[in-house]
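Have a look at the structure below, then the notes.
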Amino acid sequence: MSVPPRAPLPSLIPESAPFSVEQRTWLNGLFAGLLSLEQSVTPLSLEQAAALFPGGLDLAGGGAPTAQEEDDGAPWHDPAMALDDRMKLAEGRPLRRRMMAAMGQQDCGQCGYTCQDYSDAIFSKKEERLNLCVPGGKETTRTLKVLHQELGSAPAPAAAKTPDSKSPASASAAPAAVPGAAGCSREAPAEAWFLFRTRLNKAGSEKETWHIEIDLAGTGIDYTVGDAFGIFPTNDPALADAVLAALHAPADFPIGERALRDVLIDGVSLGEAPDMLFQLYSYITGGERRQKAKALAAGEDPDGDVATLDVLAAIEKFPGVRPDPEAFIEALDPLQPRLYSIASSPKVNKNRMALCVDTVRYPINGRARLGVASTFLGERVREGDTIKVYVQKAVHFGLPADASKPVIMIGPGTGVAPFRAFLYERMATKAPGRNWLFFGHQRHDYDFFYEDELAGMKAAGMLTRLSLAWSRDGEQKFYVQHRMREVGRDLWAWLADGAHVYVCGDAKRMARDVEGALVEIVAQHGARSTDEAIAFVANLKKTGRYQQDVY
Ligand SMILES: Cc1cc2nc3c(=O)[nH]c(=O)nc-3n(C[C@H](O)[C@H](O)[C@H](O)COP(=O)(O)OP(=O)(O)OC[C@H]3O[C@@H](n4cnc5c(N)ncnc54)[C@H](O)[C@@H]3O)c2cc1C
Ligand SMILES: NC(=O)c1ccc[n+]([C@@H]2O[C@H](COP(=O)([O-])OP(=O)(O)OC[C@H]3O[C@@H](n4cnc5c(N)ncnc54)[C@H](OP(=O)(O)O)[C@@H]3O)[C@@H](O)[C@H]2O)c1
């Protein structure tokens, strides 16, 4: 796309505001236009704004929604942006779009929908569960509840409500879509064998990351590199037992057809305490404790400890209060599956799937808190166990159809996972295109995942370039984007040769910083203004040449 060069816009958006380069430019342009500052600044043309937001943004009506509501490329999908800011940006948009703005992360797939499909399903009353957005957590659920009230009491369309959609006691969550073959969706998981785990960091690392292999034989599961794998975890039985003890409830207390302890292990989330649990406590306590429970249920933080309150800590906050076990279970969120980028290629072995999983563990008030799925995979599941799994097809993340195209892969930490898969796929299919991997982590000596494999691929000429960045080896942090800037001229040359760019890993900080670096590289080495470079990168996205798998 050719964009005429012009003077940079004076910024009307404070530098501290949490916007990406793209969003800042777009908002500056929009505000400048609205404030009639045309004489001093040139807002982005509609064509340029459209290039920034490929889903389409009708600015002709001063930001009003288009008839088709085709505004889904709008900037409120940035996972690095706080929910309040996203909701402000979405103000005035149609209800289902505001519901979409409340989602924590664009199309991460964990709820089993795309964000648009999930908000559409809630809007059309086909989906009752407002607590499915894992990255959005309680904030998203609360916002959806408020927005849901705007729907009014019109009757739901006939389709798609399922009998047990509210019951977390049912280990298999209610289908949100028509189930297909086993293993093809979270509604129809398959059973696969857990083969083994091997630690990817060496002793002395601050991280605990596992290479995991799973046997798919007999599952019928079929996948493509770029897809993610869904795992249904179970809670740590020791945590379930601690909850039972805190409740003073018997393990075999019946919850429907099942025992309370079993439901605590595989049916409900024991992570962040949900608003409903505090609501329950507000009904069964009195006085100051009721006021506190009510405040907590309303999203307030009366004692400044809300961030520490998982389900067990919430029970312990109200000592001596004994909720009915069934009401207690009903107040909890269902235990949801987690997604992991697939790190293997079916072209190498269609029955062997690999994952690369960072174990989440952190102490709060002397008790170790465990990420449920990452510690399930990293320590609880044993070799030979079966696990409930499914493939989550990637939304816009996959190798170029033309195997001669060069690919640039940027994946620090576990972000390397899909690129290991890409490299094996390109090797197995003898793809002629060049391959460049940017990998980084904390320390070269401890955190160089797949070092031998990558060295082998490089020696074989398969991995054309390997660029590394170790954040904690030097005095100052050094990240993949710093390495990218150092080799910016070559990176630009690859881009000019038609390279496809892929980014995987941390969504909140890394992904936006990498994008910012790429914009700088395009501006510097492609002899473009910043605005032109932004439009160039936006166009890469639009044409599928800049793809992200971030979480
Ligand atoms: C498409 C996709 C692909 C993914 N691929 C991978 C992958 O390849 N590898 C990988 O490891 N992960 C990957 N993830 C992330 C993965 O799905 C899980 O989110 C991650 O493993 C954590 O899940 P958990 O169940 O272990 O933790 P949870 O039980 O969900 O706990 C995580 C929560 O704990 C809290 N928390 C974490 N650390 C701290 C702390 N230090 N202090 C206070 N609170 C804290 C945060 O609220 C955080 O949200 C991917 C996610 C998506 C959406
Ligand atoms: N929310 C958080 O605070 C937080 C923190 C860590 C991990 N995570 C999550 O934990 C999961 C797994 O993490 P992981 O093991 O893949 O690795 P990771 O913790 O994301 O770290 C991988 C590498 O990226 C570096 N890094 C940190 N900030 C960066 C930035 N802005 N730009 C580029 N690189 C940056 C890290 O450096 P340094 O760590 O030395 O800065 C490290 O060298 C991911 O889901 C990630 O989002 C979240």
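Order of listing sets the numbers, starting from 1, for every ligand and every atom in it.
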Between [X] and [Y], is any side-chain donor less than 3.5 angstrom from a side-chain acceptor?
{"X": "Asn201", "Y": "Arg199", "value": "yes"}
{"X": "Thr414", "Y": "Asp358", "value": "no"}
{"X": "Asp117", "Y": "Thr114", "value": "yes"}

N or O contact, Thr209 vs ligand 2, cut-off under 3.5 Å
no
Under the side-chain contact (heavy atoms from CB on, under 4.5 Å) rule, what do Glu316 and Asn365 come out as? Steps first, then yes or no, please.
CA-CA 12 Å; Glu316 288 167 344; Asn365 297 336; over 6 Å; no
Is the closest protein non-hydrogen atom to [atom] under 4.0 Å?
{"atom": "atom 48 (C) of ligand 1", "value": "no"}
{"atom": "atom 45 (C) of ligand 1", "value": "yes"}
{"atom": "atom 33 (C) of ligand 1", "value": "no"}

Note: Asp275-Lys145 ion pair, threshold 4.0 Å (strictly below):
no
Using a strict 4.0 Å threshold on nitrogen-to-oxygen distance, state whether Arg261 and Asp241 make a salt bridge.
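So Arg261 pairs with Asp241 through a salt bridge.
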Which protein heavy atom lies closest to [atom], and at what distance to 0.1 Å?
{"atom": "atom 9 (N) of ligand 1", "result": "Cys356 O, 2.8 Å"}
{"atom": "atom 52 (C) of ligand 1", "result": "Tyr551 CB, 3.5 Å"}
{"atom": "atom 33 (C) of ligand 2", "result": "Gln481 OE1, 3.1 Å"}
{"atom": "atom 19 (O) of ligand 2", "result": "Lys207 NZ, 3.0 Å"}
{"atom": "atom 41 (O) of ligand 2", "result": "Tyr479 OH, 2.6 Å"}
{"atom": "atom 21 (O) of ligand 1", "result": "Tyr340 OH, 2.7 Å"}
{"atom": "atom 17 (O) of ligand 1", "result": "Leu339 O, 2.6 Å"}
{"atom": "atom 21 (O) of ligand 2", "result": "His441 CE1, 4.0 Å"}
{"atom": "atom 31 (N) of ligand 2", "result": "Asp513 OD2, 2.8 Å"}
{"atom": "atom 5 (N) of ligand 1", "result": "Ser341 N, 3.0 Å"}
{"atom": "atom 11 (O) of ligand 1", "result": "Asp358 N, 2.9 Å"}
{"atom": "atom 37 (O) of ligand 2", "result": "Ser471 OG, 3.0 Å"}
{"atom": "atom 24 (O) of ligand 2", "result": "Pro412 CB, 3.9 Å"}
{"atom": "atom 30 (O) of ligand 1", "result": "Arg338 NH2, 3.0 Å"}

Check: of Arg509, Lys477, Gln442, Met484, min heavy-atom distance to atom 38 (P) of ligand 2 comes from Lys477
Candidates Asp447, Thr414, Ile410, Asp358; heavy atom nearest atom 16 (O) of ligand 2 found on Thr414
By number and element, which atoms of ligand 1 are closer than 4.0 Å to a non-hydrogen atom of [X]?
{"X": "Ala373", "answer": "24 (P), 25 (O), 26 (O)"}
{"X": "Val357", "answer": "11 (O)"}
{"X": "Gln110", "answer": "17 (O), 53 (C)"}
{"X": "Gly371", "answer": "24 (P), 25 (O), 26 (O), 27 (O), 28 (P), 29 (O), 31 (O)"}
{"X": "Cys108", "answer": "1 (C), 53 (C)"}

Please could you name the atoms of ligand 2 that [X] approaches to less than 4.0 Å, counting only its heavy atoms?
{"X": "Asp506", "result": "20 (O), 46 (C), 47 (O)"}
{"X": "Gly413", "result": "16 (O), 17 (O), 22 (C)"}
{"X": "Arg472", "result": "38 (P), 39 (O), 40 (O)"}
{"X": "Tyr551", "result": "44 (C), 45 (O), 47 (O)"}

Tell me the contacting part of [X] for ligand 1: side chain, backbone, both, or neither, using a 4.0 Å heavy-atom threshold, strictly below.
{"X": "Val360", "result": "side chain"}
{"X": "Asp549", "result": "side chain"}
{"X": "Tyr362", "result": "side chain"}
{"X": "Pro135", "result": "neither"}

Output yes when a side-chain donor or acceptor of [X] lies under 3.5 Å from a complementary backbone atom of [Y], and no otherwise.
{"X": "Arg86", "Y": "Met100", "answer": "no"}
{"X": "Gln336", "Y": "Leu132", "answer": "yes"}
{"X": "Arg197", "Y": "Leu377", "answer": "yes"}
{"X": "Arg485", "Y": "Glu520", "answer": "no"}
{"X": "Arg97", "Y": "Ser119", "answer": "no"}

Check the angle between the aromatic planes of His211 and Tyr450 and answer parallel, tilted or perpendicular using the 30° and 60° thresholds.
perpendicular
Please table the atom pairs, donor to acceptor, closer than 3.5 Å between any side-chain atom in residues 468-476 and protein atoms at least two apart or in another chain.
residue : atom : partner : partner atom : Å
Ser471  : OG   : His441  : O            : 3.3
Arg472  : NH1  : Glu206  : OE1          : 2.9
Asp473  : OD2  : His444  : N            : 3.1

Between Arg489 and Trp492, does the side-chain contact (heavy atoms from CB on, under 4.5 Å) criterion hold? Intermediate values first, please.
CA-CA 5 Å; Arg489 182 181 299 279; Trp492 169 251; 5.9 Å; no
Evaluate the criterion salt bridge (charged side-chain N to carboxylate O under 4.0 Å, His left out) for residue pair Arg369 and Asp310; output intermediate values, then yes/no.
CA-CA 9 Å; Arg369 306 287 171 97; Asp310 67 351; 3.8 Å; yes
Does ligand 1 have any atom that is closer than 4.0 Å to a heavy atom of Gly271?
no
Less than 6.0 Å separating the ring centroids of Phe422 and Phe419?
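Yes - the distance between ring centres of Phe422 and Phe419 falls below the 6.0 Å cut-off.
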Would Lys508 count as a contact residue for ligand 2, given that I'm defining contact as a non-hydrogen atom of the residue lying under 4.0 Å from a ligand atom?
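Lys508 does not count as a contact of ligand 2 under the 4.0 Å cut-off.
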Thr209, Ile342, Ile212 screened by side chain to side chain contact (heavy atoms under 4.5 Å, CB included) with Cys356, the one that passes
Thr209
Go through the steps to decide whether Glu139 and Arg142 satisfy the test salt bridge (charged side-chain N to carboxylate O under 4.0 Å, His left out), and finish with yes or no.
CA-CA 5 Å; Glu139 269 196 316; Arg142 278 187 204 123; over 6 Å; no
Test side-chain contact (heavy atoms from CB on, under 4.5 Å) applied to Arg426 and Val407, step by step:
CA-CA 10 Å; Arg426 300 259 280 189; Val407 297; 3.8 Å; yes
